Amino acid sequence: MRVRLLEATENPEELICRGARNDYMEEWVADQSFEDAMAGVEGEDVEAQKANFLAKLLKRGHYGPFEHPSATFAIEGVSRSCMAQLTRHRHASFDVQSMRYVAFDEVDPADVEDGEMVVTPPSATDPDWIGRNQEGGTVDDETVEEREAVFQKSVKRSVEDYQELLDLGMPPEDARFVLPIGTEVNMVMSMNARMLMHVADLRAAADSQWEIRNMTEEVLDLAKEWCPITFDYYEQNMKNRKNRLAP
Ligand SMILES: Cc1cc2nc3c(=O)[nH]c(=O)nc-3n(C[C@H](O)[C@H](O)[C@H](O)COP(=O)(O)OP(=O)(O)OC[C@H]3O[C@@H](n4cnc5c(N)ncnc54)[C@H](O)[C@@H]3O)c2cc1C
């Protein structure tokens with residue numbers, strides 16, 4: 001899996017502050033310099049004022065201004081299962097790689113066994129892996145070897161059958177019915193800063209599945225570069241407190 005920031009609102013934290021300061025001033029915010037708009041906020045310079053003000057908004061639960069800046073991420077190689085989880089979030093926008101226009105006809109089924117085209121869950125190869133709902137704990141090496149063999153056989157067979165159906169003239173959007181839910185997909189995803197924190201509340205949590213959790217952590221790392229004060233505050237004070245942003 002790879003995640004990259006494609007585009008994002010410039011000066012996102014200035015925008016959040018401007019939006020929120022609008023609520024408390026008589027003047028029209030568009031006529032004000034950023035320094036003027038922040039006048040009266042505690043802090044020795046405008047950077048300190050920005051940090052104090054953003055923290056105050058988050059602490060109070062004044063989340064609306066965080067809806068102004070948004071970011072677009074390109075995500076490569078997550079499973080269709082992960083995609084189904086992610087696209088349940090209704091205040092985000094998505095583009096999803098099509099299985100009608102992109103046919104996996106060039107993929108060698110032998111490479112699928114080695115991890116191409118289908119995401120391999122860690123529980124198929126790691127005897128110490130404990131999933132969220134797994135009743136037993138770790139397993140012995142022999143069992144995990146069996147798991148891996150069954151998994152590899154199954155995904156290879158699916159891709160062989162898929163390609164055979166394509167060869168028999170079946171449209172890719174119909175032939176795909178035999179492919180596993182672990183089949184990789186590329187996506188483009190846009191959301192505002194408030195939604196990003198909400199998604200992180202649910203998907204970076206310990207009870208969320210490893211794949212979407214890893215993806216969300218990567219998105220959060222990029223968000224910290226884009227909107228540093230906000231996402232540092234989120235990390236320090238809000239992360240792992242479920243649903244704070246959607247009470
Ligand atoms: C660990 C985990 C396990 C899950 N298991 C399942 C499962 O087994 N089956 C399943 O179907 N789903 C499952 N889900 C998905 C979950 O039920 C939500 O659909 C998904 O997380 C979207 O989040 P959300 O409800 O906060 O909505 P979002 O779309 O992210 O919306 C954000 C917030 O906006 C508000 N909102 C949005 N739309 C509405 C609306 N129509 N009415 C009222 N308020 C609204 C809510 O406050 C909501 O929290 C699971 C999620 C997690 C994190």
Side-chain angles (χ1 to χ4, degrees), residues 1 3 5-9 12 15-16 19-20 23 54 57-75 77-97 99 118-124 126 128-137 176-177 179-224 226-227 230-231 233-247:
M1 172 207 305
V3 183
L5 187 66
L6 269 190
E7 291 280 346
T9 305
L15 182 61
I16 297 164
D23 307 356
L54 290 168
L57 293 173
L58 289 169
K59 198 167 173 187
R60 279 189 183 162
H62 186 167
Y63 300 131
F66 294 85
E67 293 175 16
H68 295 304
S70 61
T72 301
F73 302 90
I75 301 163
V78 290
S79 69
R80 294 233 157 215
S81 169
C82 180
M83 179 203 76
Q85 295 171 14
L86 195 54
T87 52
R88 293 296 298 277
H89 294 288
R90 290 158 284 188
H91 306 296
S93 306
F94 299 97
D95 264 282
V96 175
Q97 188 181 35
M99 285 176 119
V118 179
V119 176
T120 305
S123 53
D126 180 358
D128 298 323
W129 182 267
I130 302 174
R132 168 177 167 249
N133 291 324
Q134 193 168 316
E135 280 167 17
R176 69 177 165 182
F177 279 47
L179 288 175
I181 198 168
T183 302
E184 288 181 356
V185 62
N186 298 340
M187 305 173 67
V188 172
M189 168 180 85
S190 301
M191 59 178 79
N192 64 48
R194 179 186 187 175
M195 189 59 195
L196 211 158
M197 288 187 272
H198 174 67
V199 169
D201 273 354
L202 298 182
R203 305 303 185 173
D207 63 347
S208 128
Q209 200 173 4
W210 52 273
E211 190 184 16
I212 196 166
R213 197 169 63 232
N214 293 345
M215 192 222 73
T216 307
E217 290 294 353
E218 291 204 27
V219 167
L220 276 176
D221 286 344
L222 294 167
K224 259 190 253 169
W226 167 56
C227 219
T230 305
F231 284 93
Y233 185 94
Y234 176 79
E235 182 89 34
Q236 305 286 334
N237 302 291
M238 298 167 76
K239 203 174 170 196
N240 300 326
R241 297 186 202 170
K242 254 187 169 182
N243 288 324
R244 283 279 307 268
L245 282 127

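If you read the sequence from its start, that first residue is 1, and numbering goes on from there. Just so you know, ligand 1 is whichever comes first in the structure, and atom 1 is the first atom listed for that ligand. Bear in mind that the values here come from a model prediction, so they are computed numbers and not experimental data.
Listed by number with element, the atoms of ligand 1 under 4.0 angstrom from any heavy atom of H198 are 24 (P), 26 (O), 30 (O), 32 (C), 49 (O). Each of the atoms 30 (O) of ligand 1 lies under 4.0 Å from some heavy atom of M195. Interface atoms of ligand 1 facing H91, defined by a heavy-atom separation under 4.0 Å, are 31 (O), 32 (C), 34 (O), 37 (C).
In this structure H62 satisfies the side chain to side chain donor-acceptor pair (under 3.5 Å) test together with Y24, sequence neighbours excluded. Residues meeting the side chain to side chain donor-acceptor pair (under 3.5 Å) test with E211, sequence neighbours left out: S79.
Selection from R90, M191, Q85, R203 by nearest heavy atom to atom 25 (O) of ligand 1 gives R90. Evaluated by nearest non-hydrogen atom to atom 1 (C) of ligand 1, the leading choice among L86, I212, D207 is D207.
For a threshold of 3.5 Å applied to N or O pairs, the pair formed by H89 and ligand 1 contains at least one separation below that value. At under 3.5 Å, not a single nitrogen or oxygen of S208, backbone or side chain, sits near a nitrogen or oxygen of ligand 1.
For E217, the CD atom counts as densely surrounded, since its 6.0 Å shell holds more than 12 non-hydrogen atoms of other residues, nucleotides or ligands.
Here the shortest heavy-atom pairing between P12 and W226 reads CG-O, 3.3 Å.
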Quiz item: Passes side-chain hydrogen bond (donor to acceptor under 3.5 Å, both in side chains), H89 versus R203? Steps please.
Solution: CA-CA 11 Å; H89 294 288; R203 305 303 185 173; 2.9 Å; yes
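D95 has its side chain out of reach of M187: every pair of non-hydrogen atoms, C-beta onward, lies at least 4.5 Å apart.
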